[in-house]
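Inspection log for the structure reproduced underneath, given as structure tokens.
Residue numbers start from 1 in every chain, and the chains themselves are labelled A, B, ... in the order their sequence lines are given, proteins ahead of strands.
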Protein chains: 2
Amino acid sequence: MTTANSLAHGSAQGSAQEAGQADLGSAAQRDRRRRILEATIALASKGGFDAVQMRAVAERADVALGTLYRYFPSKIHLLVSALAGQFEQTQAMVSRKPVPGDTAADRVIYVLKRATRGMQGDPQLTEALTRAFMFADSSAAHEIHVVGMQLTGMLNRAIKGADYVEGEEPSDAEIAVARVISDVWLSALVSWVTGRSTADEVADHIETAVRLLLR
Amino acid sequence: MTTANSLAHGSAQGSAQEAGQADLGSAAQRDRRRRILEATIALASKGGFDAVQMRAVAERADVALGTLYRYFPSKIHLLVSALAGQFEQTQAMVSRKPVPGDTAADRVIYVLKRATRGMQGDPQLTEALTRAFMFADSSAAHEIHVVGMQLTGMLNRAIKGADYVEGEEPSDAEIAVARVISDVWLSALVSWVTGRSTADEVADHIETAVRLLLR
DNA sequence: ATTCGGACTGGAACGTGTTTCCATTATGCA
DNA sequence: TGCATAATGGAAACACGTTCCAGTCCGAAT
């Protein structure tokens, strides 16, 4: 019996099947949650972080402001959850076929460039999600951890390439490399989002870093 | 407890231009600026990002709110400028003697661990400055760039060790490595600030990354 | 000394994230 | 079916970053 409000964040817990989202009790609740995240993405996509205003999200999702806050305890939680959702979606698409490339470096670069291009295709959305991720404080540690795991998981799959096996644990060295790469990727994303780097510079920087790390 | 305040390069006085920050004309103005940054550090040190409230800073610095905004156009600008000041101070202390260590990796690790320990000694201040840095948008691009340069400059000096020469430009490869390392350091700092990593994990992660990059 | 222009003060006011409260509506259980 | 409880809607209120304005102070030019 989930006590009262386990519906808050959409993450792990209940075990359950369904890889990602939380299992909300009723279909109506699942639907509200979906509408909220949908509205969040739509507003972020149109106007970035500042355009994701809680009143606007609530109105667009057709829920009361108080309800929105019951589902997501802050704007940051909301946006980071949305980021996790987007990631999951991307991962589902990517993980259908093995990553192309002959070396680990090639595969990682392929994956990252693809992801980067995807994000650059919707700059406002990327700005909103990235800034939320970076601004998050410890109260959103759990949501952030979920995203971090998605990211390093994706990288580990790319590093292993065809040798990748579902349950297999990566070695410590592999984990370390994946973490460093995701650090670089996030920093690069931030610098792009804040207008300090161009898309090309981001791509170059990531490629350089990966080749330094996977040699 | 870093309680900074000697960030104004003492000379600058008379008239001239002085490379660094805009040097405000009158002594009273320089003093206001100093008081503001001092108040910012004090409040941040006591209660972190949230405690740096613009009204509180203004009151503590004994200036009107409007004046505070004339000196620093937003809370983010204020905090990132404070960060630059702290950095400058650290650098001034560190740059007196050459960095110890036989290899580039050792020197870089030495410098980063020292800096990291310094920041961990005042967690609230670090949280405030780090989150401001990460949340900054393009309007603070200039302030951020200053900090980035300080950081990569510090790293380049550590990489070169005794061979370091003031005016000499680092090679592209060196710049790339320094940037990757600073990316890792910032990410590690963020994860520590948000409670996702312990201080030891941060130290380990940085050491691992540096050894991967400088081998 | 007077005047002029810009900087400073004090305070009100606005926007948006967040909290709070209560009436109303769903939901599940006996 | 009727009731107890939880969830939701609706709206006001609060907190803090930010903006604005009217009046005051100060130094420089006349």
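- In this structure, A:Met54 places its CE atom 17 Å from P of D:dG10, rounding to the nearest Å.
- Listed nucleotides D:dG17, C:dT9, C:dT18 differ in distance to B:Thr67; the shortest reach to its side chain belongs to C:dT9.
- Atom CZ in A:Phe135 sits roughly 17 Å away from atom P in C:dT16 (whole-Å rounding).
- For A:Leu65 and D:dC14, the CG to P distance is 16 Å, given to the nearest whole Å.
- The CG atom of B:Leu78 sits 16 Å away from the P atom of D:dC16 (whole-angstrom rounding).
- To the nearest angstrom, C1' of C:dA7 lies 7 Å from CD of B:Gln29.
- Residue B:Val57 is classed as having no contact, given no heavy-atom separation below 4.0 Å to the nucleic acid.
- Judged by distance alone, with hydrogens and angles left aside, the side-chain atoms of B:Ser182 form a donor-acceptor pair with the main-chain N or O of B:Arg179 at under 3.5 Å.
- Ranking D:dT18, C:dT9, D:dA7 by closeness to the B:Ser74 side chain, first place goes to D:dT18.
- Nucleotide C:dG17 holds its C1' atom 12 Å from the CG atom of A:Asp50, rounded to whole Å.
- A cation-pi contact, defined as under 6.0 Å to the ring centre and within 45° of the axis, is absent between B:Lys75 and B:Phe135.
- Residue B:Arg55 is in base contact, counting any heavy-atom pair closer than 4.0 Å across all strands shown.
- The side chain of B:Tyr71 has C:dC8 as its nearest neighbour among C:dT16, C:dC8, C:dT18.
- Looking only at side-chain heavy atoms (C-beta outward), A:Ile76 and A:Glu143 stay at 4.5 Å or farther from each other.
- One interatomic measurement links the two molecules: CZ of B:Arg32 to C1' of D:dC26, which rounds to 10 Å at whole-angstrom precision.
- Each of B:Glu38, B:Arg32, B:Arg30 was compared with B:Arg34 under the side-chain contact (heavy atoms from CB on, under 4.5 Å) criterion, and only B:Glu38 meets it.
- Side chain of A:Val63, nearest nucleotide from D:dT19, C:dA7, D:dG9: D:dG9.
- On a pure distance criterion of 3.5 Å, no polar donor-acceptor pair joins the side chain of B:Arg70 and the base of C:dT9.
- Distance NZ (B:Lys75) to P (D:dC16): 9 Å, rounded to an integer number of Å.
- Here C:dG17 is the nucleotide among D:dG9, C:dT9, C:dG17 with the atom lying nearest to any side-chain atom of A:Tyr69.
- In this structure, B:Leu83 and B:Thr130 have side chains that are not in contact, with every pair of non-hydrogen atoms separated by 4.5 Å or more.
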